[in-house]
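Data first, discussion second: the structure below is written as structure tokens.
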Amino acid sequence: QRAIDVFSEVMDSLTGDLVWDHLGLPILPAVFARSHVVACQTEIGAFGEAAVHAEEAVRLAEATGHPDTMLWAYRGVGFLHLGRGDGGDAVRVLERAFALIQAADLPVYVAPISAELGSAYALDGHPDQALSLLERAVEVAMARSQKASLPPIFLRLGEVNLALERTKEAQEAAVRALDLFRAQSEHGNEAHGLRLLAEIAARGDDTDSARESYAAAMALASERGMRPLVARCRLGLGLMWRRRGESSLARAELTEAVRDLRDMGMRGRLEQADLALRSLS
């Protein structure tokens, strides 16, 4: 919320001709601020507001024809779709972003955009296609010493490996991501890393570790108003309890997950949660 407040103040101050003023910066500030507001609003589940800012960012960016500025606008839209669980929409916009960095020769963005596109492919049901992109993203980020980009890339790599049932590789990537998030005091992202570790533990029937990591993830996320992440944790807990035959525990978690996912309009994950809940009837 603090970041939303700061970037909103930037947006509000850039009116009239200032909307189009780079102010000596390489990316149009009016678009850069909107892209970051979109990312933060996505994290707290304010998807409707994020969509409005994302659309405005794209409109402004495409009017400039400036590659870096357009890229940040597309990234914001991609982040919104990823956060909402809309794999197909995320693929379409992030493929445009990926084509843009190639056409405009923007190597600094290769690693993060490759990772985000990989996540989109995995969410859209193509984890094999995602894996090569994410492995390449790690290589590029390490070669370019992009330390800020590495932890989220490792997190996305862990997600894809888990989707492919490569549990050992998923665990290694998740631990690396979590260690880096903690070293850089990225507490919101730390919550994402803990959720992934919890899901890995749950898949391996390590119930105690899964419960502990889910609880820690939800505590961090709740403090920051990260409703989508809390809902994903409840969904994960519900699925874990259902697999273990603990119907009452599963029903409690899945009921709350369905309620929150429906309230936020997270259609893809809502369908999964709703099906799991109905299977307990």
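Since the model is a prediction, treat every value here as computed from it, not as a measurement. Residues take their numbers from the sequence shown, with the count starting at 1.
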With a 3.5 Å distance limit and no angle check, can you tell me whether [X] reaches the backbone of [Y] through a side-chain donor-acceptor pair?
{"X": "Q41", "Y": "A50", "answer": "yes"}
{"X": "R251", "Y": "L280", "answer": "yes"}
{"X": "S13", "Y": "V10", "answer": "yes"}
{"X": "T64", "Y": "A61", "answer": "yes"}

Answer with yes or no whether the side chains of [Y] and [X] bring together a donor and an acceptor at under 3.5 Å.
{"X": "S279", "Y": "R242", "answer": "yes"}
{"X": "Q146", "Y": "Y109", "answer": "no"}
{"X": "R244", "Y": "T207", "answer": "yes"}

For the [atom1] atom of [X] and the [atom2] atom of [Y], what is their distance to the nearest 0.5 Å?
{"X": "L80", "Y": "S35", "atom1": "CG", "atom2": "OG", "result": "10.5 Å"}
{"X": "M240", "Y": "R203", "atom1": "CE", "atom2": "CZ", "result": "12.5 Å"}
{"X": "S213", "Y": "L196", "atom1": "OG", "atom2": "CG", "result": "10.0 Å"}
{"X": "E116", "Y": "H81", "atom1": "CD", "atom2": "NE2", "result": "13.0 Å"}
{"X": "L254", "Y": "R234", "atom1": "CG", "atom2": "CZ", "result": "11.0 Å"}
{"X": "Y74", "Y": "T69", "atom1": "OH", "atom2": "OG1", "result": "11.0 Å"}

So [Y] and [X], do their side chains get closer than 4.5 Å, heavy atoms only?
{"X": "W241", "Y": "S247", "answer": "no"}
{"X": "L239", "Y": "Q272", "answer": "yes"}
{"X": "F154", "Y": "V138", "answer": "yes"}
{"X": "R227", "Y": "D263", "answer": "yes"}
{"X": "M11", "Y": "S8", "answer": "yes"}
{"X": "L157", "Y": "L131", "answer": "yes"}
{"X": "L106", "Y": "D68", "answer": "yes"}
{"X": "F32", "Y": "L28", "answer": "no"}

Rest of the hydrophobic cluster containing [X] (Ile/Leu/Val/Met/Phe/Trp/Tyr, side-chain heavy atoms under 4.5 Å)?
{"X": "F79", "value": "none"}
{"X": "M226", "value": "L229"}
{"X": "I44", "value": "I4"}

Do other residues, nucleotides or ligands put more than 12 heavy atoms under 6.0 Å from the [atom1] atom of [X]?
{"X": "E9", "atom1": "CD", "result": "no"}
{"X": "D5", "atom1": "CG", "result": "yes"}
{"X": "E56", "atom1": "CD", "result": "yes"}

| said: On a heavy-atom basis, which atom in G118 and which in V160 lie closest, and how many Å separate them? | reply: O-CG2, 4.4 Å

| request: Could you tell me which non-hydrogen atom of E199 sits nearest to which non-hydrogen atom of Y214, and how far apart they are? | output: CA-OH, 3.7 Å

| remark: Hits for ring pair (Phe, Tyr, Trp, His ring centres under 6.0 Å) against H22, two or more places apart or cross-chain, chain-then-number order -> H66

Transitively linked via ILVMFWY side-chain contacts under 4.5 Å: [X] with [Y]?
{"X": "V58", "Y": "F98", "value": "yes"}
{"X": "V91", "Y": "V110", "value": "yes"}
{"X": "V175", "Y": "L134", "value": "no"}
{"X": "V258", "Y": "V230", "value": "no"}

| task | Before giving the answer on salt bridge (charged side-chain N to carboxylate O under 4.0 Å, His left out), spell out for R267 and E271 the whole-Å C-alpha distance, their side-chain angles and the decisive distance to 0.1 Å. | result | CA-CA 6 Å; R267 296 184 300 271; E271 182 178 357; over 6 Å; no

| task | Under the side chain to side chain donor-acceptor pair (under 3.5 Å) rule, collect the residues that match up with D21, sequence neighbours excluded. | result | none

| said: Among H192, Q1, R224, exactly one meets side chain to side chain donor-acceptor pair (under 3.5 Å) together with E43. Which residue is that? | reply: H192

| request: Kindly determine whether Q171 and L197 satisfy side-chain contact (heavy atoms from CB on, under 4.5 Å), including the steps that lead there. | output: CA-CA 7 Å; Q171 176 82 15; L197 279 179; 3.8 Å; yes

So, are [X] and [Y] salt-bridged, with charged N and O less than 4.0 Å apart?
{"X": "E172", "Y": "R176", "result": "no"}
{"X": "D274", "Y": "R278", "result": "yes"}
{"X": "E253", "Y": "R259", "result": "no"}
{"X": "E190", "Y": "R195", "result": "no"}
{"X": "D205", "Y": "R243", "result": "no"}

| query | What's the verdict on salt bridge (charged side-chain N to carboxylate O under 4.0 Å, His left out) for R59 and E55, showing C-alpha distance, side-chain angles and the deciding distance? | reply | CA-CA 6 Å; R59 183 187 70 80; E55 183 179 344; over 6 Å; no

| task | List in chain and number order the residues that pass side chain to side chain contact (heavy atoms under 4.5 Å, CB included) with S119, two or more places apart in sequence or in another chain; answer none if no residue qualifies. | result | L82, R156

| side-chain contact (heavy atoms from CB on, under 4.5 Å) between L14 and L23: does it pass, once the steps are laid out? | CA-CA 10 Å; L14 297 174; L23 303 174; 3.9 Å; yes

